[in-house]
Amino acid sequence: MFPIQSVAAKAVVLLLVTATGLAAQDQNVTIKGSDTMLVMNQQLAQEYMKEFPGTNIQVSGGGSGVGIAALRDNTTDIAAASRLIKPKEVQDFLVNVGSEPSRFSAALDGIAIFVNTGNPIQELTIDQLGKIFHGDYTNWNQLGGPDEEIDVYSRENTSGTYSYVKDEVLKGADYTTRAQTLPGTAAVYDAVSKDPKGIGYGGIGYNKGVKLVSIKSDPSSPSWLPTEENVESQVYPLSRSLNYYLNPRTTNQQAMKFIQWVASPAGQDVVVKSGYFGLPKVVAKADEKTTAPDSTSAPPPPPARPVAANPSQTSTKPTSGETASSPATAPAVIAPTALMPDPQLEPPAPPPLSLSEREARVLVREEAVALREAKVAEREEKLEAELAFLKTTKSK
Amino acid sequence: MSTPVQTYDADSGQAKSYTLASAPDETARQAALPPIIQVEHLSLFYGRHQALNDVTMQIPRQAVTAFIGPSGCGKSSLLRCFNRMNDFIPKTRVTGRVFFQNQDIYDQQINPIRLRRYIGMVFQRSNPFPQSIFDNVAFGLRLHRLGTPQEIGQQVEICLQKVGLWEEVKDRLKMNAVNLSGGQQQRLCLARAISINPQVLLMDEPASALDPVATAKIEELILNLKQDYTIVIVTHNMQQAGRVSDYTAFFYMGQLVEFDAKENIFSSPKEEATEAYINGRFG
Amino acid sequence: MNPTTTSLPELSRGTVLGFVPPQELEKELSVTLYERPGSYLENAIIRGITLISYSAIAAVLLIFIFIAKESLPVLLQQTDNSRSGLTMKPEDAVNKSPAELAVFLQLTESQVARLSPDVLQQLIVSRNEELKAGNSPDSKLNTTTWGMMFLPYQWEGYNMPVFIWQPIGNIEKYNVIPLIFGSLKITFIALLFAMPLSLMAATYVSQLARPETREVIKPFIELLAGVPSVVLGFLGLTGLSVLLGPLHIFDSHYTPLNALVAGMALALAVIPVIFTIAEDAITAVPVTHKRAALAIGATNWHATMRVVVPAAMPGIFAAVVLGFARAIGETMVVLLASGNAATLDLSIFQSARTLTATIAAELNEAAQDSAHYHILFFIGTMLFFITFLGNILADIILQRLKSRLEGSTAAEAHRLAEQAETQLGSSVV
């Protein structure tokens, strides 16, 4: 026991020294944005602060858009976003900041579609769902349910989930004007749990007191529930990655460290505990994906979870394959080298069918921000070097 | 037949009685009628302060009775006892009895609101409602559901004529009453009070806030109105009491010192205090 | 010796307080009568207070200017979010004039001039994506025109012209009619509950209650004003919505969070406002009015209802106007309890979205200088004007009431009415 404790104590002391020695003003990291990610972020922050005492991570919600706006205004270090940054926002950044923020996946999320526990509806197609949310279907009996009006519960339009469902389910069409917008995912779950006629959507992490509906892409395909396996294997049609956007102006090393830590096994454990799904173990998956691009048209049975490969151990490998694969999974790896994809080595992105149009567009942009990321990585290396230096001086 | 008027000696506490035998014919005629209000051993307390001390008197019918005395002597308090307006002053306590037409108005069963329909009151400061002149006079009639709208209209006219206001306001009956002058307002209040034909009209220093011309008009009115109503008037102004009253009661320190026909009080008061007050030596 | 005759001449002049010898009076008067009244400190304080009073006007003006400035692009119809659908090759950027680029990127020329070629190319890439995203014919529309904001339009995918507020998405839809409707609907419901309750309570407390009862009830109602509106909203969200659940039998479209729930929760915020001012106005009616009525044989109830309350009408009216302003300006309660669906449904059992809740929910999100951002400020300007118009209307009606009740006796009630009115300005937005 004693040696372990003393090692731990040394580590703590070392960390404290490095932390205070490197940048005393960088002990505070602010994370703002997605309400979907709020609980997860809070738990991550708590765990991180436990592991690295002396650091202070402040987490607040407001919606993905709010987070990105705060990032633009330089009032937060990290924006949490349950959706991808919009072109308008990118332009906003380019004009005002001169560069766009870099994206890091933190977790996977299935957008659960849920109804009241008393509702007999078991499964819906994306098309049916779109018609419900658009207001074409107004009565459950049009879908084989009881003769009752459908109450649609939606999120505020600042929500990333709102945009995601508008893009992926409604295909850009409007929500019905009768859709009630509630502040927060938990409020939607709560409302549907009380309303026998209700239907709502939201991150799976808040799942409580409602009945999840199986979703199928089209009437002939099998339907899937947003379970861990189904989301990670991309067979669940409404999967997305939950992202962090790093402030391009920040000099806060702690922010980068936090993002890296989230991708580490320790961080991913917290992610899973908070009700979301861990990032897939990319290296194995990436190969699989590129070799079977038609995997979603005829989804394979949910594969067993691959053996965890620590991303930090695979960090020396070139990552050209990652950006080529589904961005829902590819940018998930945020080990240091992932920050520095080599544009020369990058083949043109093949169109994987699981890729949403929007996410494909991101790939182009990611190339554009490679330079920026390289800078971040450079800083990171510097930090590592300093750490190493301190280690050597300390061990004397 | 003379009516004995009783009071208590201020010093000894002994009951005294006065006989209105020396009153002139007119007064004798009134005195022959049974009194409309009888006060028996009335004491009034505001909290601990005793405002009236064992007053016993009788208010004669269809005459003007004036209450005089220095400030704080209890004359206004007694007036308010007659229509139980003292009820609205917190912590008021009354002992003794007041009979109005042989009904004990301090009886538990009595509804004071009903009483006030028969005993009208005019206050020191004119207080017309912020409504039209017509509505002011018609208020009581409508309140007690007296008459049809046509009858109410006639009654309003009659009352305004009685108080001499009709010629002045007949073209602007819909005008807000608060735009009238002070004297007009007071006469309007008088019209309002008599509109429901009360038996007794109580006046609490009705002219004290008015100029001499308006005061003269009010006094003239009082003399006219006594044909129809029993009037009790409280006044600071002894000349006024001399001009308008038939009987005069002098109060001092919460006690009724002397009560007699006006002529007797002013020419040959029996009490020294009365004489001193009448002659302006105090008060 | 008689001391009074001897002692006076012995006293020095200074010891006789205030005595000025006749021969010096003229000289002294020529100085003292021309002195400025008051000390310097006194005058300075009065100046300061005056300045502070005027600064209230300045504050209202500045707020208005700030809001109006941000909504100016909408008011002047300078915003344009139409998309031609034509893209531009990033490598062409160098060949294009700054004016062309500015039009394409929806920026000003000075902004374009500031950007490096590298950033410019990235911008073009991003703009291309945006332009390609929506290929609906509606994307060629400028949805920020007056017509689009106030008149119905048949969007692609709809079979009739509709009023739609959906500012997020490929086609931004900015029709504000559902929001105005929602605000008025919820305000109306709130006043429907708050007005009778608070006016009855004010009358009761001021005129009918025994003094001991009054001392208990009055502070409790006024305490209601101290309840944070977010708490009231939460009460609506979790309490009232469940409590009123059984009402769903009246409407097949019943939703648990609806205008009735929000209106009732809002009423709780409005009641203390109306109550406090109305109670003051009723109490300010001179007691002589009531006495006169009582002396003529009126019951307490009659005297109160036929004399006192009518005399307090201007104050009561002002109280209601202030309550209206509070209701239409209240944000948190409606944001939480109304369900926020931007419908045009008349049913009180259905959701409604208000102007204030829309600003609160969306302003954080809106990119600065975007059409959405300017339109949200335009909504703020509208709110300002709605209250402003209400103010003017109230003033006109107040003047009429006043002239009807003119006179010294009603002056107190009028003073209160005016006081309440001046508070209106600060409660906007």
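Order of the sequence lines fixes the chain letters, A, B, ..., with proteins taken first and strands second; residue numbering starts at 1 for each chain. Hydrogens, waters and symmetry mates are skipped; everything else that's a heavy atom, side chains included, is used. Note that this is a predicted model, so its numbers are computed, not measured.
- E89(A) and R83(A) are joined by a salt bridge, as a carboxylate oxygen and a charged side-chain nitrogen come within less than 4.0 angstrom of each other.
- Most heavy-atom pairs under 4.5 Å with chain C, from the set A69(A), S64(A), A179(A): that is A179(A).
- The existence of a salt bridge linking K131(A) and D127(A) is confirmed by a sub-4.0 Å separation between a basic side-chain nitrogen and an acidic carboxylate oxygen.
- Ranked by heavy-atom pairs shorter than 4.5 Å toward chain A, the options L237(C), I164(C), L257(C) are led by L257(C).
- For Q91(A), the parts sitting under 4.5 Å from any heavy atom of chain C are the backbone and the side chain alike.
- Contact annotation for F163(C): only backbone heavy atoms (N, CA, C, O) come within less than 4.5 Å of a heavy atom of chain A.
- The pair E156(C)-K173(C) does not count as a salt bridge, with every side-chain nitrogen at least 4.0 angstrom from each carboxylate oxygen.
- When heavy atoms are compared at a cutoff of 4.5 Å, Y162(A) approaches chain C solely by way of its side chain, counted from C-beta outward.
- For chain A, the nearby part of V242(C) is the side chain; its heavy atoms alone come within less than 4.5 Å.
- The greatest number of non-hydrogen atom pairs below 4.5 Å with chain C, out of T177(A), I150(A), V95(A), T176(A), is found for T177(A).
- Residue D151(A) touches chain C through its side chain alone, counting heavy-atom pairs closer than 4.5 Å.
- When heavy atoms are compared at a cutoff of 4.5 Å, N157(A) approaches chain C by way of both its backbone and its side chain.
- When heavy atoms are compared at a cutoff of 4.5 Å, Q350(C) approaches chain A solely by way of its side chain, counted from C-beta outward.
- Ring planes of W155(C) and Y153(C): perpendicular class, angle over 60° (limits at 30 and 60°).
- Smallest separation of non-hydrogen atoms from V188(A) and G200(A): CG1-CA, 4.0 Å.
- Between F133(A) and Y201(A), the angle of the ring planes goes over 60°, which puts this pair in the perpendicular group of the 30/60° scheme.
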Take T144(C) and N142(C), measure what side-chain hydrogen bond (donor to acceptor under 3.5 Å, both in side chains) needs, and give me the verdict at the end.
CA-CA 6 Å; T144(C) 63; N142(C) 175 9; 2.7 Å; yes
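- The aromatic ring centroids of Y373(C) and F377(C) lie less than 6.0 Å from each other.
- Between R155(A) and D35(A) a salt bridge is recorded (basic side-chain N to carboxylate O distance below 4.0 Å).
- The part of S163(A) that comes within reach of chain C is its side chain, from C-beta onward, which places non-hydrogen atoms under 4.5 angstrom from that chain.
- When the candidates K166(A), R178(A), H134(A) are compared by the number of heavy-atom contacts under 4.5 Å with chain C, R178(A) comes out ahead.
- Of the atoms belonging to A361(C), heavy atoms from both backbone and side chain fall under 4.5 Å from chain A.
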